[in-house]
Asker: 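A single structure is presented below for examination.
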Protein chains: 2
Amino acid sequence: MSSIKNGRRPTARDVARVAGVSQPAVSRAFTEGASIAVETRDKVLRAAKELGYRPNLIARSLTTSRSRLVGVAMSYLENPFYPAMLERIAAILADAGYKVLLFTSPPGAPCEPLLEDVLRNRVDALILASASITSRFAEECSRAGVPVVLVNRRTPGHRTSTVTGMNEDGAVVIAERIARAGHRRPAFMAGLENASTSQERERGFLRGLVAAGLPEPLRVVGHFDFERARSAMRALLALPKPPDAVFCANDYMALAALQTLHEESALRPGRDISIIGFDDIPAAAWPSFALSTFSQPYALMAERVVARVLDQLRHPGRPAVEDVVPGSFLQRRSSRPVRA
Amino acid sequence: MSSIKNGRRPTARDVARVAGVSQPAVSRAFTEGASIAVETRDKVLRAAKELGYRPNLIARSLTTSRSRLVGVAMSYLENPFYPAMLERIAAILADAGYKVLLFTSPPGAPCEPLLEDVLRNRVDALILASASITSRFAEECSRAGVPVVLVNRRTPGHRTSTVTGMNEDGAVVIAERIARAGHRRPAFMAGLENASTSQERERGFLRGLVAAGLPEPLRVVGHFDFERARSAMRALLALPKPPDAVFCANDYMALAALQTLHEESALRPGRDISIIGFDDIPAAAWPSFALSTFSQPYALMAERVVARVLDQLRHPGRPAVEDVVPGSFLQRRSSRPVRA
DNA sequence: ATGAAAGCGCTAACAG
DNA sequence: CTGTTAGCGCTTTCAT
C-alpha cells in the first residue's frame, strides 16, 4: 500500500509524494501559524495519517538550532523535596513546549562531568538543582549561549540566576523561635559542608542566636543523608549535656533526627527538646511527625525557575537575577511553642 | 584569534580548518575506534580545545538515526518508590551511554497523549513506569521500531516486555500471614482500579484468603494517593465491625493508613490490627512506622528494565519477556506475627 | 589513514 | 499560498 520500502519511518518527502505537494508544504502543514491553504493542509494531514508520519524533531532541531530540550541536573532524589519539584518543573516546561533531559549525578559529585554531556546534547537551557556550579561551568555555558538557572543552590560571585528559599532569614526566624521558647542549648545539624543552602541556613541560625543572646550552637553534620543524620543525632544525644533544640538543615534530616529521638531517647519532642527542619516536605505535616519547619514552596519555586529560564531564552543577555521565594515558619508539634 | 564569526558555536568544519585537516577527520577524532593516526587526532583535539568545540549530538543523531535517548514516562513521583527507581534507571542508562528524556503525566492520565511526543522525539526506546499502555500505543511503537518496556505495570494480551515484582504471589503470602496471625476480618485497600499492580495484588490476596478459609475482604479504594488513602482508612474504621487486618496495595497508602490509625483510633497496629503494605520503600523501615510489607527491590528492577531495553535495542524483534523480580515478606511491627 | 562527495529530514529564504 | 534551492553539522561510503 504505502510506497515506503521496508522498515523505514516515513519522512516529509514520503508524505509530500502521497499528498501530491512539495516537501516544504508538509513542513508547513505541521507548523503552527505557517501560511498554508486549509485544503492543502488537509491533504497533507490525510496523507500523513495514512502513512503514520510524525515530524522528526531531531531534524527540526538541527535546522532551527533549538532543541526544545532543557537539561535538569538533580541529585538527592531520596529527599522528597526534589522529586516533587522535578515533577512540577517537567509539567510546566511541557506546557511551554519543552522537554526535560534528566541528568542525575551521584550525591555530592562535582558538576563538572555534566558540562561536556550537557553542551554536546545542545540543550536550550539548563536547570541545576541540588548542585553547585563552578565558574568554568558557568563561563562555558554562557559562551555557548545556554542559560543556566540554579534552584535551591547559590554560587557566590557568579553571574548565574538563582531561585532559592529564604535560607538565611528563615534560619534567623528559627533561632528567634528557639530563644523565645526558652531553650538554652541549641544545636545545628549541617547538610553538606559545601552546599550553599546548608551554609546560609547555618549563618542565619548563628546570627539569630547571637541576637537572642544564646550561645553558639553545638554542631554535627548529617550530609543530607538519612542514615548519617541519624548518627549525627545519636552523637548529640550521647553528649554529656545534650542540646535542648536542634535545627536541621533540611526536613529530611529532621525526620531522621525525630525518629532517632523516639527510638533511642526518653526526651519528648516539643516538650523536652525541639526539632526543627527546613523545606516543609509533605511528610513534615504527617501526624506521626508534625515537624516544625520553615517552608520552601517547591511548586512556586518550580514556576519561578521555569519562568526565569523562559525569560533568558527570550531575552539572551539579560542580567542574572537572584530570586528569593518567600516562606514562613510552621509551628507544629515537634518544637516547643514560644511562651506567651 | 579564532576564525569564528560572532556567537556561533564552533563546528567540525571550523576545527578542521584550524587543524588543517578535512572535516571527516574531525569526526573520526571524536569517534571511539575510528581509524585515524594518533598525530592527526592530537592535532584535531588541540584545535578543538582551542576553539571550545563539542560535537553536536543532534547532528549525529540525524545521520546515525539513533538518538541515544530513552524516554522514561513516570507519574506518582510523590510515592518514593518511583523517584528511587528513576534515579537508578538514569544512572544505569548513563553508564550505557544513554540519556533520559523524562515524560511526566498527571496521575491516572491515559498514556495516549505521550505517543505523539515520544515518537516525534525519536527516542531509541521507551520505559513506561506507573503507566498502562494501550494496544494502539504498543502497535505504533513497534511499527516505529521503538522498544517499549513496562516497569511495575503489565498489560494483558500485549506483546510488551515487562519487569514487575511478585504482585500476585506476594499478596498470597500476605493473606497467609494474616490468616496465621489469627485475623478474622481482612480488608483490602485498592490503588487505582485500572492499575495492574493493584489488580494483581488484589487477586492474589483474594486467592490467599480463600485458601486460608477467611471471608472475602472488605474493600476500599485509596487511588495510590495519600489523602485519599487516609479517607479510605477512616471509612474502614467507621464501619460497625472494622477490619482487623488491612492490606494496602502499596506502602505509600499503608503509611497513610497507619497514621490515620494512630491519630483517630485507639487500635494498636501490630496488636489489635495489622497494617501491611507492598513495595518496601525506605520509609517503611523507619522506626516510626515499622511497616510490614512485601518487597519490590527497585534497584534490581531498574537494572532489569535497562537490561531489557538494551537487549531489545541490540536484538530487535526478540520476543517480549515478562520478568518477575523476586521479593519477600518483611515482618515488622505494624502487623501481628504469625502464631507459633 | 585520509579526503571528496553524498545525504540524514527538516526549516528558511526567496521567487513566483 | 506554494515550489525551488540551500543549507543545519554530522557520519558514511568510496576512492586514493
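In what follows, chains are A, B, ... by sequence order, proteins preceding strands, each numbered from 1. Only this structure's heavy atoms are used, side chains among them; waters, hydrogens and symmetry mates stay out.
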Asker: Can you tell me the distance, in whole Å, between the CZ atom of B:Arg68 and the P atom of D:dC10?
Answerer: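 It is 17 Å, rounded to the nearest whole Å.
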Asker: Please answer whether the main-chain N or O of A:Gln312 pairs with a side-chain N or O of A:Arg318 as donor and acceptor at a distance below 3.5 Å.
Answerer: no
Asker: Quick check on the helix from C:dA1-D:dT16 to C:dG16-D:dC1: what's the angle between its two end axes, five base pairs per end, to the nearest 10°?
Answerer: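 It works out to 30° between the end axes.
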Asker: Measure CZ/B:Arg66 against C1'/D:dT12 and give the value in whole Å, please.
Answerer: 14 Å
Asker: Do any N or O atoms from the side chain of A:Ser67 and from the backbone of A:Leu69 form a donor-acceptor pair under 3.5 angstrom?
Answerer: yes
Asker: Rounded off to whole Å, could you give me the CD-to-C1' distance for the A:Glu39 and D:dT2 pair?
Answerer: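 Whole-Å distance recorded here is 12 Å.
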Asker: Compare every heavy atom of A:Ala91 with every heavy atom of B:Thr104, then report the nearest pair and how far apart it is.
Answerer: OG1-N, 4.2 Å
Asker: Determine, for A:Glu140 against A:Arg143, whether the closest basic-nitrogen to carboxylate-oxygen distance falls under 4.0 angstrom.
Answerer: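 The answer is yes: the pair qualifies as a salt bridge.
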Asker: List every contact pair, protein side and nucleotides 7-11 of chain C side both N or O, where the distance is under 3.5 Å.
Answerer:
{"unit_1": "C:dC10", "atom_1": "OP1", "unit_2": "A:Tyr53", "atom_2": "OH", "d": "2.7"}
{"unit_1": "C:dC10", "atom_1": "OP1", "unit_2": "A:Asn56", "atom_2": "N", "d": "3.0"}
{"unit_1": "C:dC10", "atom_1": "OP2", "unit_2": "A:Ala12", "atom_2": "N", "d": "2.4"}
{"unit_1": "C:dT11", "atom_1": "OP1", "unit_2": "A:Arg60", "atom_2": "NE", "d": "3.0"}
{"unit_1": "C:dT11", "atom_1": "OP1", "unit_2": "A:Arg60", "atom_2": "NH2", "d": "3.3"}
{"unit_1": "C:dT11", "atom_1": "OP2", "unit_2": "A:Ser27", "atom_2": "OG", "d": "2.2"}
{"unit_1": "C:dT11", "atom_1": "O4'", "unit_2": "A:Thr63", "atom_2": "OG1", "d": "2.9"}
{"unit_1": "C:dT11", "atom_1": "O4", "unit_2": "A:Gln23", "atom_2": "OE1", "d": "3.3"}

Asker: Under the side-chain contact (heavy atoms from CB on, under 4.5 Å) criterion, do A:Arg68 and A:Leu57 qualify, and how do the steps go?
Answerer: CA-CA 9 Å; A:Arg68 303 212 69 101; A:Leu57 293 190; over 6 Å; no
Asker: Can you tell me if A:Thr40 touches the phosphate of D:dT2, counting only side-chain N or O atoms and a distance under 4.0 Å to OP1 or OP2?
Answerer: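 Checking A:Thr40 against D:dT2: at least one side-chain N or O falls below 4.0 Å of OP1 or OP2.
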Asker: In whole Å, I'd like the distance from the CD atom of B:Glu32 to the C1' atom of D:dT11.
Answerer: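 Result: 16 Å.
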Asker: Among A:Thr164, A:Val163, A:Leu126, A:Thr160, find the one that has a side chain to side chain contact (heavy atoms under 4.5 Å, CB included) with A:Leu150.
Answerer: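 The single option meeting the side chain to side chain contact (heavy atoms under 4.5 Å, CB included) with A:Leu150 is A:Thr160.
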Asker: With a 4.0 Å cut-off, would you call A:Glu116 and B:Arg54 a salt bridge?
Answerer: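 A salt bridge is present here (some side-chain N lies under 4.0 Å from a carboxylate O).
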Asker: Please state whether the rings of B:Phe224 and B:Tyr76 are parallel, tilted or perpendicular, taking 30° and 60° as the class boundaries.
Answerer: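 The rings of B:Phe224 and B:Tyr76 stand perpendicular, inter-plane angle above 60°.
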Asker: Starting from P on C:dT2, measure out to CZ on B:Arg41 and report it in whole angstrom.
Answerer: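 Atom CZ in B:Arg41 sits about 10 Å away from atom P in C:dT2.
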